[in-house]
Amino acid sequence: MKTFYNTYAICSFAAIGGGLFGFDISSMSGVLGTNGYKNYFSNPAGYRQGGITASMPAGSLVGSLISSFIADRLSRRTAIQISALIWIIGSIFQTAANGVALLCFGRVVSGISIGIASAIVPVYQSEIARKEIRGRVVSLQQWAITWGILIQYFIQYGASFVDGGANNPNQGSSSFRIPWGVQMVPGFILLVGMFFFPYSPRWLASKDRWEEAIQVLAHLHGGGDVNHPKVLAEYKEIEEALAFEREQAETSFGALVKPRIIKRVILGMSIQMWSQLCGMNIMMCTILPGTKSLRLRHGHFVHYIVYIMKGANIADPLLTSSIQYIINVAMTLPAILYLDRFGRRPALLIGSFLMMSWLFISGALQASYGEHWDDPDKNTSWRIVNNKSVSQSIVACSYLFVASFATTWGPTSWTYPSEIFPAKVRAKAVSLATAANWLWNCILAFGVPPLLWNINWKMYMIFATFNGLAFIHMFLTAPETKGKTLEEMDEVFDSGIPAWKTRGGSSRLDQLQRDIEKGDLKITTAVHPTATTTTAAHPAATTTATTA
């Protein structure tokens with residue numbers, strides 16, 4: 001079977017796992033407003049609909065927690081394929097749902113798939129990529145999420161016109177079965193396509209499959225030449241890091257709670273927590289076609305900003321939703337291109353400051369120009385009336401907020417946790433960080449709607465304050481990691497240098513490569529179990545495999 005080794009191709013294809021995440025985020029947005037959905041599921045509302053929605057992040061929480069056991073035992077690649085298979089099964093249950101119970105079950109199953117994929121895809125990408133482009137290719141995860149949201153939204157919008165359209169009182173179930181069935185396609189593509197891409201070389205090395213590991217490294221970074229200085233240098237780094245970890249004689253769970261590691265685990269979990277508490281859940285809204293409600297990113301419901309949109313004379317549901325989705329997709333691209341040059345730390349700090357600013361402005365405008373309103377549908381208790389310029393300003397802030405998130409925290413919140421842990425605990429630590437994302441997702445799913453009804457515009461101030469706290473937290477605890485190999489992260493975090501004084505860029509790997517090129521350093525490539533080793537310096541260095 002042919003194997004493709006282009007790093008961009010590997011990481012882009014693996015990012016389809018993020019696309020599934022986006023499909024699931026958007027899987028309810030276009031169907032909730034259709035009479036087909038309302039008729040078939042007896043017009044679920046309140047906690048009944050909240051339970052349907054929250055079943056996905058609940059499953060994702062479980063999936064993220066079990067992901068490391070699959071990835072460590074069976075490989076990162078296989079874990080992604082298992083997530084794709086589970087996704088297909090979950091989509092089948094959702095498509096065939098004959099009631100709320102089976103629908104919730106299907107969403108839980110799909111959620112388990114997303115939990116596994118959202119934890120392991122960034123790990124696989126970070127272990128495949130060279131340090132110079134690691135931020136770029138892991139950011140593809142976030143870009144794929146935004147594309148999944150956008151594509152699924154338009155699929156649902158198109159399907160809403162079947163059987164007489166969303167407003168037809170006798171609309172059939174095809175309006176929701178079509179989009180839920182179509183989402184199986186990317187899962188099948190991911191399941192089959194991953195067979196054509198390599199295992200993670202670092203996972204292979206952790207299993208003492210050194211011959212395969214160096215062959216993968218050679219194809220990824222040396223054009224197939226196992227004697228390439230860059231390949232030998234990276235091989236040596238991986239070998240030394242694994243040897244050090246094994247000398248500690250600790251289980252991976254024991255290593256997780258060591259002081260030098262637990263602080264990184266807390267940092268990774270905090271970054272995922274702040275990515276939920278940044279306020280994207282009240283600014284990234286989906287207005288449902290044919291209704292007055294809207295759906296928030298990650299499945300949270302609120303019925304507020306639609307009135308701001310109407311006050312600004314921007315009432316077309318597809319237009320207002322599409323603009324935010326398109327901004328989210330388009331503005332993730334600059335992060336993909338420049339994150340490795342700009343750095344993770346500036347992205348986190350600038351992103352927190354900008355999002356805090358837009359939320360404070362939005363909240364202040366609504367506090368100053370809004371008025372209390374007793375909505376008979378209990379959707380919102382505050383609105384802007386007859387003030388087009390203020391309404392337009394608030395809409396503009398929402399778009400600027402989405403753009404700020406997309407270029408900073410969106411991709412960085414996936415990149416940073418995937419690169420800061422040692423190989424022994426990487427999958428488990430990233431799974432815990434991702435679990436924090438889904439835990440706060442569930443909390444917000446139930447907490448945001450009643451808070452918005454009870455404290456209305458003050459909710460914007462709360463999320464703005466969260467961004468201020470995130471800014472302080474990241475300033476004090478998040479060192480720069482750009483330009484460093486995964487094996488150098490112990491030096492980054494254990495050097496004793498305060499986070500605000502760290503600088504990325506220089507790497508020990510570059511010096512190793514230069515020493516090998518000059519012939520000053522000899523590398524022994526330990527090929528196991530059926531091989532002999534040759535010690536040599538480049539250009540004469542060789543790795544000779546023989547049959548035992």
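Note that the numbering runs from 1 along the sequence shown for the chain. Just so it is clear, the values below take in all heavy atoms, side chains as well, and ignore hydrogens, waters and symmetry mates.
In this structure, Phe176 and Trp180 have tilted ring planes: the angle between them lies in the 30° to 60° band. Ring geometry for Tyr37 against Phe41 counts as tilted: the plane angle lies between 30° and 60°, on a 0 to 90° scale.
Atoms CD1 and CG, on Ile16 and Leu191 in that order, are 11.0 Å from each other to the nearest 0.5 Å. Taking CD from Gln366 and NZ from Lys458, the interatomic distance works out to 11.5 Å, rounded to the nearest 0.5 Å. With rounding to the nearest 0.5 Å, the separation of CD in Gln81 from CZ in Phe197 is 11.0 Å. The structure places OH of Tyr416 at 9.5 Å from CZ of Arg344, a figure rounded to the nearest 0.5 Å. In this structure, the separation between OG1 on Thr78 and CD1 on Ile82 is 6.5 Å, given to the nearest 0.5 Å. A distance of 6.5 Å separates CD of Gln183 from CG of Asp24, quoted to the nearest 0.5 Å.
At least one donor-acceptor pair under 3.5 Å links the side chain of Gln171 to the backbone N or O of Gly165. A donor-acceptor pair is defined here as one N or O able to donate and one able to accept, closer than 3.5 Å; such a pair exists between the side chain of Asn39 and the backbone of Pro169. Side chain of Arg264 to backbone of Ile420: a donor-acceptor contact under 3.5 angstrom is found. Here the side chain of Ser362 pairs no donor or acceptor atom with the backbone of Leu359 at under 3.5 angstrom. No donor-acceptor distance shorter than 3.5 angstrom exists from the side chain of Trp274 to the backbone of Phe466, with no hydrogens or angles considered. Remark: side-chain polar atoms of Thr415 are not paired, donor with acceptor, to backbone N or O of Thr412 under 3.5 angstrom. Judged purely by atom type and a 3.5 angstrom limit, Gln125 uses its side chain to pair as donor or acceptor with the backbone of Cys11. Proximity of a side-chain donor or acceptor of Asn43 to a complementary backbone N or O of Lys38 within less than 3.5 Å is not detected. Using a distance-only test at 3.5 Å, with no hydrogens or angles considered, no donor-acceptor pair links the side chain of Asn328 to the main chain of Thr146. Remark: side-chain polar atoms of Arg76 are not paired, donor with acceptor, to backbone N or O of Ser200 under 3.5 angstrom.
A cation-pi arrangement is found for Arg77 relative to Tyr199, the charged atom lying closer than 6.0 Å to the ring centre and inside a 45° cone about the ring normal.
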Decide side chain to side chain contact (heavy atoms under 4.5 Å, CB included) for Ile394 and Tyr460; before the verdict, give the C-alpha distance in whole Å, the side-chain angles of both, and the deciding distance to 0.1 Å. CA-CA 12 Å; Ile394 296 172; Tyr460 286 79; 5.6 Å; no
Audit row: Val123, Phe421, side chain to side chain contact (heavy atoms under 4.5 Å, CB included) steps and yes/no: CA-CA 10 Å; Val123 172; Phe421 300 107; over 6 Å; no
Take Leu256 and Leu432 through the side chain to side chain contact (heavy atoms under 4.5 Å, CB included) test and state the conclusion after the steps. CA-CA 10 Å; Leu256 273 176; Leu432 288 175; 4.2 Å; yes
Before giving the answer on side-chain hydrogen bond (donor to acceptor under 3.5 Å, both in side chains), spell out for Arg48 and Ser42 the whole-Å C-alpha distance, their side-chain angles and the decisive distance to 0.1 Å. CA-CA 10 Å; Arg48 184 179 177 88; Ser42 303; 5.3 Å; no
Stepwise side chain to side chain contact (heavy atoms under 4.5 Å, CB included) check, Ile350 with Phe342: CA-CA 11 Å; Ile350 293 173; Phe342 190 55; 3.5 Å; yes
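Residues Ala14 and Ile80 come closest through the heavy atom pair CB-CD1, 4.5 Å. Closest of all the heavy-atom pairs between Thr408 and Ala347 is CB-O, 3.2 Å. The minimum heavy-atom distance between Met331 and Thr407, with the atom names listed, is O-CG2, 2.7 Å. Closest approach of Gly135 to Leu339, counting heavy atoms only: O-CD2, 3.8 Å. When every heavy atom of Pro57 is checked against every heavy atom of Asn441, the shortest pair comes out as CB-OD1, 3.8 Å. In plain terms, the two heavy atoms of Val216 and Pro198 that are nearest each other are CG1-CB, 4.1 Å.
Side chains of Phe471 and Leu349 form a contact here, defined as non-hydrogen atoms less than 4.5 Å apart. Using a 4.5 Å heavy-atom threshold, the side chains of Val137 and Leu140 count as touching. Contact of the Ile92 side chain with the Met184 side chain is registered, since non-hydrogen atoms from C-beta on lie closer than 4.5 Å. Using a 4.5 Å heavy-atom cutoff, the side chains of Ser75 and Tyr124 are not in contact. Residues Trp409 and Leu348 meet the side-chain proximity criterion, which asks for heavy atoms closer than 4.5 Å. Residues Ile336 and Pro411 have side chains not in contact (no heavy-atom distance under 4.5 Å, counting atoms from C-beta outward). With a 4.5 Å cut-off on side-chain heavy atoms, Glu419 and Leu486 count as touching. For the pair His473 and Ser352, the minimum side-chain heavy-atom distance is 4.5 Å or more.
Side-chain contact, Gln94 with Ser110: a donor N or O sits under 3.5 Å from an acceptor N or O. A donor atom on one side chain and an acceptor atom on the other are not found under 3.5 Å apart for Ser126 and Arg426. Thr332 and Gln142 are not linked by any side-chain donor-acceptor pair at a separation below 3.5 angstrom, with hydrogens and angles left out of the test.
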Counting only pairs under 3.5 Å, give me each side-chain donor-acceptor contact of residues 111-122, with atom names and distances, residues two or more places apart or in other chains.
unit_1 : atom_1 : unit_2 : atom_2 : d
Ser113 : OG     : Ser83  : O      : 2.5
Ser118 : OG     : Ile114 : O      : 2.8
Ser118 : OG     : Gly115 : O      : 3.2
Ser118 : OG     : Trp438 : NE1    : 3.4

Taking distance alone, no hydrogens or angles, what donor-acceptor pairs closer than 3.5 Å link side-chain atoms of residues 266-273 to residues at least two apart or in another chain?
unit_1 : atom_1 : unit_2 : atom_2 : d
Ser270 : OG     : Ile266 : O      : 2.7
Gln272 : OE1    : Asn437 : ND2    : 2.9
Gln272 : NE2    : Ser413 : O      : 3.3

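Considering Ile149, Leu150, Ile145 as possible partners of Trp147, the one that fulfils the side-chain contact (heavy atoms from CB on, under 4.5 Å) test is Leu150.
Centroid-to-centroid, the aromatic rings of Phe4 and Phe13 stay 6.0 Å apart or farther.
Residue-environment remark: CZ (Phe353) stays at or below the threshold of 12 foreign heavy atoms within 6.0 Å. Remark: Phe188 CZ is loosely packed, at most 12 non-hydrogen atoms of other residues, nucleotides or ligands lying under 6.0 Å away.
Qualifying side chain to side chain contact (heavy atoms under 4.5 Å, CB included) partners for Arg130, counting only residues two or more places apart in sequence or in other chains: Glu132, Ile133, His221, Lys230.
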